Amino acid sequence: MTKQQKILLVDGMALLFRGFYATALSGHYRYTKDGVPTNAVYQFLRYFLDALHRFEPTHVICCWDMGSKTFRTELFPDYKANRSEPPEELVPQFELIKEVTSAFSIPNVGQDLYEADDCIGSLAGQFSVDHDVLILTGDQDMLQLVDTGITVAIMKKGIGNYDVFNNETFYDKKGIHPQQIIDLKGLMGDASDNYPGVKGIGEKTALKLLQEYGTIDSLLANMEYLSHGSQNKIKDNLEMLHFIAKTRRNQV
């Protein structure tokens with residue numbers, strides 16, 4: 001690749017799950033002649049082709065989860081334990097979609113014990129040294145990767161609707177900087193991943209604390225200046241606070 005190519009990193013599972021639920025409400029599924037459901041694959045391609053048209057990348061890589069067991073579940077057995085098993089109509093489409101993307105000559109990347117997020121974080125860091133990187137996902141956790149040369153497009157409801165974040169727009173939209181997303185999740189938790197965070201501190205309070213102190217480490221160093229209520233909440237959840245910040249870093 002020559003300098004300044006535009007590389008699209010696709011969060012494959014995010015698109016596939018979104019595609020499945022967007023087309024499964026009626027209970028009517030498309031099938032191949034062999035009886036394999038295809039509704040998620042069909043909608044994945046609609047999302048994918050729209051992104052290609054909208055962002056015009058020169059190169060594309062799809063990243064995938066490789067199973068429910070990751071290094072995070074080894075560290076924290078309750079990680080994503082609140083999520084149910086994927087619908088049986090979706091399961092056979094996990095491999096089918098990789099066959100489809102391979103037919104487009106798109107590399108499929110995954111690593112045992114890691115999530116697609118981690119692969120995307122690693123690849124984005126490497127490629128952004130010499131190229132422009134765009135991450136396509138529906139996962140707000142990915143916002144921590146916004147940096148020089150790295151843009152994140154968060155998919156919104158419908159096709160063709162994106163919330164695009166880059167270094168120039170991030171603070172105006174979120175009120176914090178990309179590297180503070182990890183600290184934000186550490187404070188407020190993440191219900192979708194089954195991380196409790198600091199009980200009693202929600203997004204509004206977490207944002208206010210980070211705007212004033214910058215990082216969790218700085219916050220802990222200035223505990224004496226916090227309200228007694230915030231001090232007690234943090235002290236009661238200190239171990240989990242450190243743990244969440246550690247495990248949410250998206251890098252292989």
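All values derive from a computational prediction rather than experimental measurement. Both backbone and side-chain heavy atoms feed into the values below; hydrogens, waters and symmetry mates do not.
- Of the possible polar contacts, one joining the Asn161 side chain to the Lys157 backbone as a donor-acceptor pair under 3.5 Å is found.
- For the pair Leu134/Ile7, no side-chain contact is recorded, criterion being any heavy-atom separation below 4.5 Å from C-beta on.
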- Carefully, step by step, assess Ile61 and Phe127 under the rule side chain to side chain contact (heavy atoms under 4.5 Å, CB included). CA-CA 12 Å; Ile61 299 173; Phe127 286 131; 3.6 Å; yes
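- Nearest heavy-atom pair across Ile216 and Gly186 is CD1-CA, 4.4 Å.
- Pro178 places a side-chain heavy atom less than 4.5 Å from the side chain of Asn167.
- Side-chain contact of Thr101 with Asn108: a donor-acceptor pair under 3.5 Å is present, judged by distance alone.
- Taking the six-membered ring for Trp and thresholds of 30 and 60 degrees, Phe20 and Tyr29 have nearly parallel ring planes, at less than 30 degrees apart.
- Both Leu8 and Leu16 are assigned to one and the same hydrophobic cluster, defined by single-linkage of ILVMFWY side chains at heavy-atom distances under 4.5 Å.
- Met66 and Met13 fall into different hydrophobic clusters, where Ile, Leu, Val, Met, Phe, Trp and Tyr residues are linked whenever their side-chain heavy atoms come under 4.5 Å apart, directly or through other members.
- When side chains are defined from C-beta on, Ile154 does not count as touching Val164, because their heavy atoms never get closer than 4.5 Å.
- Taking CG of Asn232 as the start and CG of Asn237 as the end, the distance is 11.0 Å to the nearest 0.5 Å.
- Between the side chains of Asp132 and Thr151, not a single donor N or O lies within less than 3.5 Å of an accepting N or O.
- Here the closest non-hydrogen pair linking Pro57 and Val60 is CG-CG2, 4.0 Å.
- No donor-acceptor distance shorter than 3.5 angstrom exists from the side chain of Glu99 to the backbone of Leu96, with no hydrogens or angles considered.
- Side-chain contact between Asp11 and Leu136 is absent, with no heavy-atom pair separated by less than 4.5 Å.
- Here the OG1-CZ distance, from Thr32 to Arg30, works out to 13.0 Å after rounding to the nearest 0.5 Å.
- Thr169 and Asn166 share a side-chain donor-acceptor pair at under 3.5 Å.
- Between Ala40 and Thr23, the closest heavy-atom pair is N-OG1, 4.4 Å.
- For the pair Lys173 and Phe165, the distance from NZ or CZ to the six-membered ring centre is under 6.0 Å and the angle to the ring normal is within 45 degrees.
- Not one N or O on the side chain of Thr205 forms a donor-acceptor pair closer than 3.5 Å with the backbone of Ile201.
- In the hydrophobic cluster analysis, where Ile, Leu, Val, Met, Phe, Trp and Tyr join through side-chain heavy atoms closer than 4.5 angstrom, Leu15 is grouped apart from Ile120.
- Taking the side chain as every heavy atom from C-beta outward, Met155 and Arg18 approach each other to under 4.5 Å.
- In this structure, Asp34 contributes its side chain and Val36 its backbone to no donor-acceptor pair below 3.5 Å.
- At least one donor-acceptor pair under 3.5 Å links the side chain of Asp118 to the backbone N or O of Glu115.
- Checked by atom type and distance alone, the side chain of Gln211 pairs as donor or acceptor with a backbone atom of Gly175 at under 3.5 Å.
- A heavy-atom distance below 4.5 Å is found between the side chains of Pro92 and Pro37.
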- Message: Applying side chain to side chain contact (heavy atoms under 4.5 Å, CB included) to Leu220 and Leu238, what does each step give before you reach the verdict?
- Response: CA-CA 9 Å; Leu220 295 177; Leu238 196 57; 3.6 Å; yes
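- Within the model, atoms CG of Leu210 and CD of Glu203 stand 10.5 Å from one another, a figure rounded to the nearest 0.5 Å.
- In terms of the side-chain hydrogen bond (donor to acceptor under 3.5 Å, both in side chains) criterion, Ser105 has no residue partners (sequence neighbours excluded).
- To the nearest 0.5 Å, atoms CG (Leu219) and CG (Leu187) are separated by 6.0 Å.
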- Could you give me the CA-CA distance, side-chain angles and deciding distance for Phe55 and Asp50, then say whether side chain to side chain contact (heavy atoms under 4.5 Å, CB included) is met? CA-CA 9 Å; Phe55 299 110; Asp50 179 83; over 6 Å; no
- Query: Please walk me through it: do Gln179 and Gln144 pass side chain to side chain contact (heavy atoms under 4.5 Å, CB included)?
  - Reply: CA-CA 5 Å; Gln179 62 269 26; Gln144 67 185 269; over 6 Å; no
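- In terms of modelled atom types and a separation under 3.5 Å, the side chain of Thr38 and the main chain of Val41 share no donor-acceptor contact.
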- Task: Might you work through the ring pair (Phe, Tyr, Trp, His ring centres under 6.0 Å) test for Tyr171 and His177, ending with a clear yes or no?
- Result: CA-CA 6 Å; Tyr171 190 85; His177 298 288; 4.9 Å; yes
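- Ring orientation note: the planes of Phe94 and Phe17 are tilted relative to one another, at an angle of 30° to 60°.
- Within 6.0 Å of atom NZ in Lys199, 12 or fewer heavy atoms from other residues, nucleotides or ligands are found, so the atom counts as exposed in its surroundings.
- Residues Trp64 and Tyr114 are members of separate hydrophobic clusters, defined by side-chain heavy-atom contacts under 4.5 angstrom among Ile, Leu, Val, Met, Phe, Trp and Tyr.
- The backbone N or O of Tyr162 sits nowhere less than 3.5 Å from a side-chain atom of Lys156 that would complete a donor-acceptor pair.
- In this structure, the separation between NE2 on His228 and NZ on Lys233 is 13.5 Å, given to the nearest 0.5 Å.
- Partners of Tyr225 according to the ring-ring contact (aromatic ring centres under 6.0 Å, His included) rule, which considers only residues two or more places apart in sequence or in another chain, do not exist here.
- No option in Leu123, Asp117, Val10 other than Leu123 meets the side-chain contact (heavy atoms from CB on, under 4.5 Å) test with Cys63.
- Of the N and O atoms on the side chains of Gln231 and Ser227, not one donor lies less than 3.5 Å from an acceptor on the other residue.
- Hydrophobic clustering of Ile, Leu, Val, Met, Phe, Trp and Tyr side chains at less than 4.5 Å, counting indirect connections, unites Ile97 with Leu90.
- Applying the side chain to side chain donor-acceptor pair (under 3.5 Å) rule to pairs touching residues 87-98 yields Asn39-Gln93, sequence neighbours excluded.
- Taken from CG in Leu209 to CD in Gln180, the straight-line distance is 11.5 Å, to the nearest 0.5 Å.
- Side-chain N or O atoms of His131 include one that pairs as donor or acceptor with a backbone N or O of Gln5 at under 3.5 Å.
- Of the possible polar contacts, none joining the Ser128 side chain to the Ile150 backbone as a donor-acceptor pair under 3.5 Å is found.
- Residues Phe44 and Leu49 fail the side-chain proximity criterion, which asks for heavy atoms closer than 4.5 Å.
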